[in-house]
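Okay, so here's the structure we're looking at.
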Amino acid sequence: MRVLIVEDEKKMAGFIERGLKEEGYVVDIAYDGEKGWEYAAVNEYDVLILDWMLPKMSGIDLCKKIRKEGKQVPVLILTAKDAVEDKIQGLDVGADDYLTKPFSFDELLARLRALLRRPHSLRDKTVLQCGNLVMDLIKRKVTIGADEVSFSQKEFSLLEYLLRHEGEAVSRTAIAEHVWDLHFDPMSNTIDVYINFLRKKIAEKQADFKIETARGTGYRLAKEP
Ligand code: CA
C-alpha cells in the first residue's frame, strides 16, 4: 500500500511516516500543497493523508483539485480544527474521512484500514467519468473540465446512461427503456431532441469527448481521438 502524506510540520510528517513504514506501507511525503498535487497527479496512491493547513495550497483545495481531476483515491484530512462546520466542509470537498489532531497513531491506522477496505467497485459506482466529463451520482453534479454544468433530470439520466456504456453504440430502444418510462413512444423524436440538448451544453465547454451518431443504431459517447 502506497501512501502520500502532505503535511508541513516535519515532526508530524516524520512521526506518521515512521509509524506507517513499520506497518509495511510505502510512504511519500510532500511539505506543501503544490508539491502534494505534483505527487498525487503523477503517482498512484492507495490513500492520501492531507493536513488541512498547508503552505501554497490548503489540504481542502488540494482535495478539491484531486476530485476535480476525477481521482477516486481515498483521502483522509488531518487538522487541528474540530468544529462541526469544518468537518462538513472537509467531507463536502470529497474527503472520505477526517481526523482531529492530536490523535493516537492507532486511531490513524484504524481509519486508514477502514478506508482501504472500501471496495473500489462501490466507489466507482458513485462517480462516472469519460475524458474530462465527471458525473457525481450522489451529489447529482456534472463537471466538464473545471466547469460545473447543470442538466435537467432527463438530460442527466440520458447522459448517465451513455456514460455507463461509454464507447458502445446504444440504440434508441435501449435508451427509451432505461431513461424514459414504459409509456414512452420510441418512435417519437424525443430522444434526438434530448441528445441535441446535451450536445449543445457540451459544445459550450472545453470537452474532450462527444456524443456520436451511430448510423442505424443510436448514439455513442466517446472520447475525442
Ligand atoms: Ca499544517
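All ligand and atom numbering here is 1-based and tracks the order in the structure.
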Discussion item. Looking only at side-chain N and O atoms, does R199 offer a donor or acceptor that is under 3.5 Å from a partner on T213?
Written reply: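 Yes, because at least one side-chain N or O of T213 sits under 3.5 Å from a partner of the opposite role on R199.
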Discussion item. Is it the case that over 12 heavy atoms from other parts of the model lie below 6.0 angstrom from the NZ atom of K141?
Written reply: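 At most 12 heavy atoms, drawn from other residues, nucleotides or ligands, come within 6.0 Å of this atom.
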Worksheet item: With I66, which residues qualify under side-chain contact (heavy atoms from CB on, under 4.5 Å), at least two apart?
Response: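 Listed in chain order: W37, A40, L48, L62, K71, V73.
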Worksheet item: Parallel, tilted or perpendicular for F15 and F105, by the 30°/60° rule?
Response: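 Perpendicular: the ring planes of F15 and F105 meet at over 60°.
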Worksheet item: Any donor-acceptor pair under 3.5 Å linking the side chain of T143 with the backbone of A146?
Response: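 Side chain of T143 to backbone of A146, a donor-acceptor pair under 3.5 Å: no, none is there.
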Fill in: N, O or S atoms of the protein lying under 3.0 Å from the Ca ion (ligand 1)
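Short answer, with waters excluded from the count: D8 OD1, D51 OD2, M53 O.
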Worksheet item: Aromatic ring centroids of Y45 and Y39 under 6.0 Å?
Response: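 Distance test on ring centres: not under 6.0 Å, no.
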